[in-house]
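In what follows, every heavy atom counts, from backbone to side chain, and hydrogens, waters and symmetry copies are set aside.
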Amino acid sequence: MRRLWMLLCLLCLPLCALAQEEELDTLFAQFHTLGASVAVFQNGEITYTHVYGSRDLQGNPVTVDTAFQVGSISKMISNIGLMQLLEAKGLSLDTELGDVLGYPVRHPDDPHTPITLRMLMTHTAALRDGGDYTRALQGDPLLLQQLFTTHAGWTFHAGVRPGTKRLYSNFGGGLIGSLMERISGQTVDGYMNEHVFQPLGITAAYQAALLPGETLLADLVHMPSRRLAKRLADETLLTAVPDAERDYVLTAGKLIISAPDLCRLLIALCDGGESGGVRILSEQAAHTMVRDGLFLNIITNDQVEGRTLYGHGGKALGMLCAAYFDPSDRTGVVMLTNGCNNLRVRNGVGLLGRRVLTWCYEHIIEPTHTVLSPYAVAESSGPFGAGRAAWLLLPHNVL
């Protein structure tokens, strides 16, 4: 009798999973989603993936390997590369921005306050997204040094002292690329591919032309009007050589990556710099980036009720994306879309992302999750402070 009961339970599992995934698809349909990809990780392993809809207006289906442009999530991922370089060169977060770029960077209304890398990474450098940044996005960038000298009045928020107020800046996120190129002497794509993506077996780029030819790309589409916003496959190569003075338009929002590959990067941030047995950040650098919210957000309740999640979202050209993790139990969720009703928000958080993350935690993670601890943080110090003491400030309920 017991064996019969177990057999019936096993036979019902696929039906239950199918019914659950229909609920997820219903969510996407309610938000007029064109195409989507979801990936979940637990204890350092991807445990669930799901795809929905079409990657283009011709109806070609989204696959698990389909690459999406992920918008502002790019800032968080790009900062992994910058943190690597800072540690390699012995630079601290309190290093002045101008010391890295090679010329003074000061707010014209407050020229005596140093503008540091920490201010840049926490969006407190008083930088604004003005017409000069828009001009750069349209393919006609001024030299970066001009933006901090003759155009400084338009580059900074008037009357805001650096370090005193969080003012989100895409231009600030774009500076990650310029800093990486200035320090490494490589292009953003070249450095990230060599030191972050390839070691983890990830296919990703900031320029679609640099991806392998067989990569399936998701077009960006405004929904529900089904108006094409961008075909990634049509984009030409913007830069093939490092040009720190002009390459400040890549790292703020142009990363192209699949949901499972983005999940592997989240695992590294969640697990102290390591993913799949490969270390891409020191424990200290990873823990500092997460603890201090360096180019990532720390959100309590407004993504998943009762949880504090770390990560970033992306919203542009019709799409909505979310990539968040909870280091207290080593879990995380990635949701990528190429077009949906992305205007529906709650407290600044995209409502579709909130509902999909909540669904994944309620139906995929929480019913069976057991936490396994990977941590063996050494008592040491470095450019980013003490490793063990810093990380233990985060909540941990692990076995």
(message) Restricting to salt bridge (charged side-chain N to carboxylate O under 4.0 Å, His left out), what partner residues turn up for Glu96, sequence neighbours left out?
(response) Arg106
(request) Verify the ring-centre separation between Phe171 and Tyr248: is it less than 6.0 angstrom? (result) yes
(message) Donor-acceptor pair, distance only, cut-off 3.5 Å: does the side chain of Thr331 make one with the backbone of Phe325?
(response) no
(request) State yes or no: do Leu200 and Leu85 share one hydrophobic cluster built from I, L, V, M, F, W and Y residues joined by side-chain heavy-atom distances below 4.5 Å, directly or via other members? (result) yes
(request) Check step by step if side chain to side chain donor-acceptor pair (under 3.5 Å) holds for Ser72 and Tyr168. (result) CA-CA 11 Å; Ser72 289; Tyr168 189 87; 3.2 Å; yes
(request) Return yes if some donor-acceptor pair links the side-chain N/O of His369 with the main-chain N/O of Asp329 below 3.5 Å, else return no. (result) yes
(message) Give me the atom names and distance for the closest heavy-atom approach of Ala268 to Ile280.
(response) CB-CD1, 3.7 Å
(message) Are Leu357 and Leu309 packed together at the side-chain level, in the sense that at least one heavy-atom pair is separated by less than 4.5 angstrom?
(response) yes
(message) Nearest 0.5 Å, please: how far is CD in Glu87 from CD in Gln284?
(response) 6.5 Å
(request) Heavy atoms only: give me the nearest Ile183-Leu86 pair and the separation to one decimal. (result) CD1-CD2, 4.0 Å
(request) Could you tell me which non-hydrogen atom of Ala126 sits nearest to which non-hydrogen atom of His107, and how far apart they are? (result) CB-CD2, 3.9 Å
(request) Spell out, yes or no, whether Tyr103 and Ile176 are grouped together once hydrophobic residues are joined by side-chain heavy atoms under 4.5 Å, including indirect joins. (result) yes
(message) Quick one: does any side-chain atom of His287 pair with a main-chain N or O of Glu283 as donor and acceptor, under 3.5 Å?
(response) yes
(request) Answer yes or no: is there an ion pair linking Arg231 with Asp56, defined by an N-O contact shorter than 4.0 Å? (result) no
(request) Side-chain contact test, heavy atoms from C-beta onward, threshold under 4.5 Å: evaluate it for Asp109 versus Val160 and give yes or no. (result) no
(request) Please test Ser178 against Glu245 for side chain to side chain donor-acceptor pair (under 3.5 Å), starting from the C-alpha separation and ending with a verdict. (result) CA-CA 7 Å; Ser178 291; Glu245 286 295 293; over 6 Å; no
(message) Between Arg55 (side chain only) and Gly35 (backbone N and O only), is there a donor and an acceptor less than 3.5 Å apart?
(response) no
(message) Within the 3.5 Å criterion, strictly below it, is a donor on Tyr206 or Ser74 matched to an acceptor on the partner's side chain?
(response) no
(request) May I have the step-by-step check of salt bridge (Lys or Arg N to Asp or Glu O under 4.0 Å) for Glu305 and Arg354, ending in yes or no? (result) CA-CA 9 Å; Glu305 189 71 29; Arg354 184 182 195 277; 3.7 Å; yes
(message) What's the separation between atom CD in Glu194 and atom CG in Asp189, rounded to the nearest 0.5 Å?
(response) 12.5 Å
(message) Treating Thr337 as the side-chain partner and Cys340 as the backbone partner, does any N or O pair qualify as donor plus acceptor under 3.5 Å?
(response) no
(message) Please identify which of these residues, Lys230, Gln207, Lys254, meets the side chain to side chain donor-acceptor pair (under 3.5 Å) condition with Glu235.
(response) Lys230
(message) Keeping Asp326 on the side-chain end and Ser328 on the backbone end, is there a donor-acceptor pair under 3.5 Å?
(response) yes
(request) May I ask you to decide if Arg135's main-chain N or O and Asp140's side chain share a donor-acceptor pair within less than 3.5 Å? (result) no
(request) For side chain to side chain contact (heavy atoms under 4.5 Å, CB included), just list the numbers for Gln186 and Met180, CA-CA rounded to whole Å, side-chain angles, deciding distance to a tenth of an Å, and then say yes or no. (result) CA-CA 8 Å; Gln186 295 179 262; Met180 288 173 62; over 6 Å; no
(request) Can you measure from OG1 (Thr288) to CZ (Arg291) and round to the nearest 0.5 angstrom? (result) 4.5 Å
(request) Supply the atom-to-atom distance Asn60 CG to Leu57 CG, rounded to the nearest 0.5 angstrom. (result) 10.5 Å
(message) Among Arg330, Arg264, Arg279, which residue satisfies the salt bridge (Lys or Arg N to Asp or Glu O under 4.0 Å) criterion with Asp271?
(response) Arg330
(message) For the OG1 atom of Thr33 and the CG atom of Asn342, what is their distance to the nearest 0.5 Å?
(response) 10.0 Å
(message) Please report the interatomic distance CZ(Arg161) to CD1(Ile115), rounded to the nearest 0.5 Å.
(response) 11.5 Å
(request) Would you indicate whether the side-chain heavy atoms of Leu336 and Val62 approach each other to under 4.5 Å? (result) no
(message) Could you tell me if the side chain of Thr164 sits less than 4.5 Å from the side chain of Thr124, heavy atoms only?
(response) no
(request) Compare every heavy atom of Gly172 with every heavy atom of Phe295, then report the nearest pair and how far apart it is. (result) CZ-O, 3.7 Å
(request) Please answer whether the main-chain N or O of Thr95 pairs with a side-chain N or O of Asp99 as donor and acceptor at a distance below 3.5 Å. (result) no
(request) Please report the C-alpha distance between Ser78 and Lys75 in whole Å, then the side-chain angles of each, then the deciding distance to 0.1 Å, and finally whether the side chain to side chain donor-acceptor pair (under 3.5 Å) criterion is met. (result) CA-CA 5 Å; Ser78 305; Lys75 299 177 179 69; over 6 Å; no
(request) For Ser92 and Asp94, test the side chains for any donor-to-acceptor distance below 3.5 angstrom and give the result as yes or no. (result) no
(request) Please examine the side chains of Ile298 and Thr308, heavy atoms only from C-beta on, and report whether any two atoms are closer than 4.5 Å. (result) yes
(message) Side chains of Met83 and Met121, heavy atoms from C-beta outward: is any pair under 4.5 Å?
(response) yes
(request) For residues Leu269 and Met289, determine if any side-chain heavy atom of one lies less than 4.5 Å from a side-chain heavy atom of the other. (result) yes
(message) What verdict does the side chain to side chain contact (heavy atoms under 4.5 Å, CB included) test give for Leu97 and Leu179, after you've listed the backbone C-alpha separation in whole Å, the side-chain angles of each residue and the deciding distance to 0.1 Å?
(response) CA-CA 9 Å; Leu97 179 60; Leu179 292 167; 3.7 Å; yes
(request) Evaluate the criterion salt bridge (Lys or Arg N to Asp or Glu O under 4.0 Å) for residue pair Glu181 and Arg246; output intermediate values, then yes/no. (result) CA-CA 10 Å; Glu181 293 193 349; Arg246 292 182 174 85; over 6 Å; no
(message) Are Leu211 and Leu255 linked, directly or through intermediate hydrophobic residues, by side-chain heavy-atom contacts shorter than 4.5 Å (ILVMFWY only)?
(response) no
(message) Would the distance check show the side chain of Asp129 and the main-chain N or O of Asn170 forming a donor-acceptor pair, the cut-off being under 3.5 Å?
(response) yes
(message) Testing the basics here: between Gly353 and Leu320, what is the closest heavy-atom pair and its distance to 0.1 Å?
(response) N-CD2, 3.7 Å
(message) Between Thr47 and Gln42, do the side chains contain a donor N or O and an acceptor N or O under 3.5 Å apart?
(response) yes
(request) Indicate, with yes or no, if Val249 and Leu210 share a hydrophobic cluster defined by side-chain heavy-atom contacts under 4.5 Å among Ile, Leu, Val, Met, Phe, Trp and Tyr. (result) no
(request) Would you sort out whether His312 and Tyr324 count as a ring-ring contact (aromatic ring centres under 6.0 Å, His included), showing the intermediate values? (result) CA-CA 6 Å; His312 218 297; Tyr324 287 90; 7.7 Å; no
(message) I'd like to check Leu217 versus Phe68 (side-chain heavy atoms, cut-off strictly below 4.5 Å). Are they in contact?
(response) no
(request) Determine, step by step, whether Gln146 and His151 satisfy the side chain to side chain donor-acceptor pair (under 3.5 Å) criterion, reporting the C-alpha distance in whole Å, the side-chain angles of both residues, the deciding distance to 0.1 Å, and the verdict. (result) CA-CA 6 Å; Gln146 287 179 268; His151 286 239; 4.7 Å; no
(message) How close do Thr251 and Gly174 get, counting heavy atoms only, and between which atoms?
(response) OG1-O, 3.2 Å
(message) Just by distance, no angles: are the side chains of Tyr191 and Gln84 close enough, under 3.5 Å, to form a donor-acceptor pair?
(response) yes
(request) State yes or no: do Leu127 and Trp154 share one hydrophobic cluster built from I, L, V, M, F, W and Y residues joined by side-chain heavy-atom distances below 4.5 Å, directly or via other members? (result) no
